[in-house]
Protein chains: 4
Amino acid sequence: MPDTVTLSRKQRDQELRRQDFLSAAERLFARNGYHHTTMEDIAHEAQYGTGTIYLYFKTKDLLYEALLERKIAEYIAFMQKRVRHADGHLEKIRTLISAKLEFFERHREFFRIYLAEMTTADTSLRRCVNKRREKMYYEHQSFVTQTLSEAMRAGAIRKVDPNMLATTLTGVINPLLSEWIKERSKKSICELEQFIMDLLFNGLEKTK
Amino acid sequence: MPDTVTLSRKQRDQELRRQDFLSAAERLFARNGYHHTTMEDIAHEAQYGTGTIYLYFKTKDLLYEALLERKIAEYIAFMQKRVRHADGHLEKIRTLISAKLEFFERHREFFRIYLAEMTTADTSLRRCVNKRREKMYYEHQSFVTQTLSEAMRAGAIRKVDPNMLATTLTGVINPLLSEWIKERSKKSICELEQFIMDLLFNGLEKTK
Amino acid sequence: MPDTVTLSRKQRDQELRRQDFLSAAERLFARNGYHHTTMEDIAHEAQYGTGTIYLYFKTKDLLYEALLERKIAEYIAFMQKRVRHADGHLEKIRTLISAKLEFFERHREFFRIYLAEMTTADTSLRRCVNKRREKMYYEHQSFVTQTLSEAMRAGAIRKVDPNMLATTLTGVINPLLSEWIKERSKKSICELEQFIMDLLFNGLEKTK
Amino acid sequence: MPDTVTLSRKQRDQELRRQDFLSAAERLFARNGYHHTTMEDIAHEAQYGTGTIYLYFKTKDLLYEALLERKIAEYIAFMQKRVRHADGHLEKIRTLISAKLEFFERHREFFRIYLAEMTTADTSLRRCVNKRREKMYYEHQSFVTQTLSEAMRAGAIRKVDPNMLATTLTGVINPLLSEWIKERSKKSICELEQFIMDLLFNGLEKTK
DNA sequence: TATGAATGAGTGTTCATTCAT
DNA sequence: GATGAATGAACACTCATTCAT
């Protein structure tokens with residue numbers, strides 16, 4: 001049996017196990033928060049022994065990092081694929097909104113973690129290991145900015161600061177989604193999308 | 001010396017001490033996060049001995065609660081006062097935005113805590129004691145909603161769902177402010193306000 | 001005003017205050033146990049400020065000592081007075097029993113502390129300061145022994161080891177009294193006395 | 001290797017460890033009292049790290065409970081076995097006394113704890129978890145009562161209240177044993193037994 | 001490789017005692 | 001003398017991490 005195959009099989013198994021742990025951690029973090037979830041909890045949730053988890057993640061912080069990275073990567077991939085397949089500038093912009101709504105509707109457990117992370121949370125957690133995630137975030141942000149810039153250049157929307165617009169577009173969804181997830185809003189996800197699109201394009205001005 | 005004066009002096013001193021601890025906690029929580037800040041840290045930061053803090057706050061959780069309450073109350077009072085003094089519906093709406101920006105610009109340390117709290121963070125922390133804070137939040141939210149509704153009724157802005165608009169208006173500021181605080185944005189607070197107002201009123205549509 | 005009067009007034013006041021604290025401590029120790037009663041509790045129960053108690057008792061342990069001493073002295077005085085007033089040897093022995101029953105019936109709260117102390121409990125508490133109490137205990141014990149010895153010499157009871165008999169007589173009451181205090185026994189105190197006297201004098205043997 | 005064996009080996013090891021901790025606790029509680037013994041002390045006395053003890057006992061209180069239960073169960077088993085093997089009613093009664101003396105002579109360290117527990121001690125400690133121990137105590141007490149009742153029915157001893165007699169018989173030993181353990185009594189255990197038996201059967205009356 | 005028992009540093013909290021007023 | 005706010009040592013308990021099997 002060739003060595004490469006053996007190795008890659010091993011690697012594939014390793015990767016599978018990593019994913020098991022990450023999924024378990026995602027469930028527990030979302031349910032109980034980072035600090036109220038113990039490594040033992042995660043290991044057992046993933047159906048492994050306490051010590052095993054340390055074969056795949058050197059520390060709890062690193063596991064957390066890996067979890068964020070995985071989900072954010074997944075999110076970005078999902079979003080970009082959708083936008084690329086959308087036809088026309090306006091449609092792409094609409095997709096920037098609807099794809100985010102759709103993704104987090106499906107991963108609402110993760111949304112809690114995501115928000116905490118995007119905004120604040122435990123700073124010290126973030127200090128050391130976040131370079132890679134920051135990079136991912138910026139790449140995504142610049143993808144959104146670019147999409148918007150192109151729409152401006154094409155005359156599909158009027159010209160404003162594209163960076164600020166990207167930030168706004170990304171962020172305006174959070175509070176609505178947050179309310180929706182807490183089930184205080186009875187609207188459908190589709191209505192959320194329409195509300196945002198309407199407001200974004202038409203603004204509040206009366207005389208129109 | 002009359003008894004009432006003596007008593008109220010004691011109470012005033014007590015209150016001052018409470019505020020000392022809360023301010024110390026605010027600094028440390030914002031810097032290191034809730035879980036990485038120890039009661040001893042807080043007590044020492046406030047220039048007191050370890051045990052003293054427990055004369056003013058029964059548990060760490062309750063101190064955290066008290067801190068949130070204090071700042072949120074302060075925020076709400078600030079905001080509502082500003083809005084009430086604003087002349088005209090449009091001006092009131094502008095004030096909803098500028099007052100928030102101004103408040104958090106001045107209390108940026110707290111903004112981290114605020115965001116974590118508003119969005120997610122440790123669920124278990126929040127479960128028990130938050131009724132009062134939820135009430136504060138809702139009262140504020142309905143104040144915003146009312147302000148917007150009145151503007152609609154008066155024909156100052158066009159009619160949309162006032163609850164969703166209130167949520168949006170409140171939330172749209174966060175990501176911009178967040179970026180600004182992280183000092184990634186070189187704009188002035190004033191420019192942020194203008195950007196939001198422009199976008200909010202005029203929308204993205206070209207033909208205008 | 002002569003100095004001695006002033007002084008003795010002071011001293012009388014001091015003593016009164018000491019007794020206040022001891023009475024408060026007695027109530028609380030009996031109710032909650034030594035370790036679950038704080039010095040502050042005692043001071044407040046006695047209607048004084050936290051620090052005041054330390055003007056009268058240097059440490060918590062010493063207060064505990066003083067409490068035991070006071071009550072035991074009271075007990076011994078009560079007992080000996082009763083026995084001295086009893087006529088005849090048998091009546092004196094009966095009084096050794098009835099007086100103990102009577103005293104602890106009236107001071108049942110203290111009985112808990114007494115038992116704990118007489119038997120064991122926190123050894124370390126006892127190590128240093130107990131000489132005086134030990135002396136009191138032995139003086140009492142030898143009073144009982146003497147009473148019994150005299151009865152033997154007079155032929156009122158048969159001759160056995162008077163020390164062991166004294167120990168037995170003193171101790172045999174405790175478990176019955178204990179059950180009685182826990183209200184598991186429905187008998188009257190008088191029945192307890194009769195039971196003990198009967199058993200003590202007549203023994204268990206059938207042929208009598 | 002069969003699974004059952006593996007499992008029971010693990011369980012046996014667990015049980016051994018539990019016993020290690022209980023024995024360490026027994027030594028330290030008897031020496032220093034409950035409140036002056038720390039969990040760390042116990043763990044170290046048992047040659048384990050601080051945290052390990054919590055794998056076997058959830059709280060300090062529960063460890064204390066377990067200790068009492070173990071020793072009392074041991075005591076009761078010892079006593080009942082002895083009594084059952086004794087021939088004749090009088091011999092059984094003698095055994096009720098001698099077995100207790102013998103047991104506590106061998107476990108004098110525990111005697112302190114036993115006495116404190118039987119009589120009073122920290123009430124609050126006892127309030128919650130003691131149902132099981134109370135049950136054990138009552139079962140034992142009714143065993144003694146039954147033994148005595150049978151002896152009465154058979155005419156081996158005269159008729160008195162069997163419950164009070166059981167209480168007395170159980171309790172009368174304590175003060176003598178207590179003195180003996182404190183080494184104030186120079187008698188042998190055997191002499192203690194004879195003294196009690198003699199007093200119990202023949203009483204104090206002269207005319208015999 | 002997988003395990004889980006063992007570890008011990010770390011933290012929230014209590015309380016006897018002190019001392020400035 | 002009386003006070004009670006302040007103190008900090010002490011302790012029960014947790015949990016990320018290690019390591020012998």
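The model shown is predicted, which means the values in this text are computed figures rather than measured ones. The chains referred to below are lettered A, B, ... by the order of the sequence lines, with proteins before strands, and numbering in each begins at 1.
Note that NE2 of A:H36 and NE2 of B:H35 are 5.0 Å apart. Values are rounded to the nearest 0.5 Å. Separation of atoms OH (D:Y64) and CD1 (D:I42) is listed at 11.5 Å; rounding is to 0.5 Å. Here the CZ-CG distance, from D:R27 to D:D41, works out to 12.5 Å after rounding to the nearest 0.5 Å.
Nucleotide E:dG4 holds its P atom 14 Å from the CG atom of D:D13, rounded to whole Å. For A:F57 and F:dC15, the CZ to P distance is 21 Å, given to the nearest whole Å. Remark: P of F:dG1 and CZ of C:R18 are 14 Å apart, rounded to the nearest angstrom. Between the OH atom of D:Y64 and the P atom of F:dA12 there is a distance of 15 Å, given to the nearest Å. Atom C1' of nucleotide E:dA5 and atom CZ of D:R9 are separated by 14 Å, given to the nearest angstrom. Spacing between atom CZ of B:F21 and atom P of F:dA5 amounts to 12 Å, rounded to whole angstrom units. When rounded to the nearest whole Å, the span between NE2 of C:H44 and P of F:dG4 equals 7 Å. Between A:L55 atom CG and E:dG4 atom P there is a gap of 13 Å when expressed in whole angstrom units.
Looking at B:E15 and B:R12, no side-chain N of the basic residue comes within less than 4.0 Å of a carboxylate O on the acidic one, giving no salt bridge.
A sub-4.0 Å separation between OP1 or OP2 of E:dT1 and a side-chain N or O of A:R17 is absent.
Remark: D:T52 engages D:F21, D:Y48, D:L55, D:Y56 in a side chain to side chain contact (heavy atoms under 4.5 Å, CB included) (not counting sequence neighbours).
Across all strands, D:Y56 comes closer than 4.0 Å only to sugar-phosphate atoms, never to a base (heavy-atom distances).
Between C:F29 and C:Y34, the ring planes lie tilted relative to each other; the angle falls in the 30° to 60° range.
For DNA chain E, the stems formed by at least three consecutive Watson-Crick or G-U pairs, with both atom-pair distances below 3.5 Å, span E:2-21 with F:2-21.
For the side chain to side chain contact (heavy atoms under 4.5 Å, CB included) with A:M39, the qualifying choice from A:I53, A:T59, A:T50 is A:I53, the only one to do so.
Relative to the six-membered ring of B:Y54, B:K60 misses at least one condition, a distance below 6.0 Å or an angle of at most 45° to the axis.
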Problem set entry | C:R70 vs C:S23, side chain to side chain donor-acceptor pair (under 3.5 Å): CA-CA, chis, key distance, verdict | CA-CA 10 Å; C:R70 178 177 87 161; C:S23 301; 3.3 Å; yes
Problem set entry | Under 4.0 Å protein heavy-atom contacts per nucleotide of nucleotides 13-21 of chain E, with B for base, S for backbone only and - for none | BBSSBB---
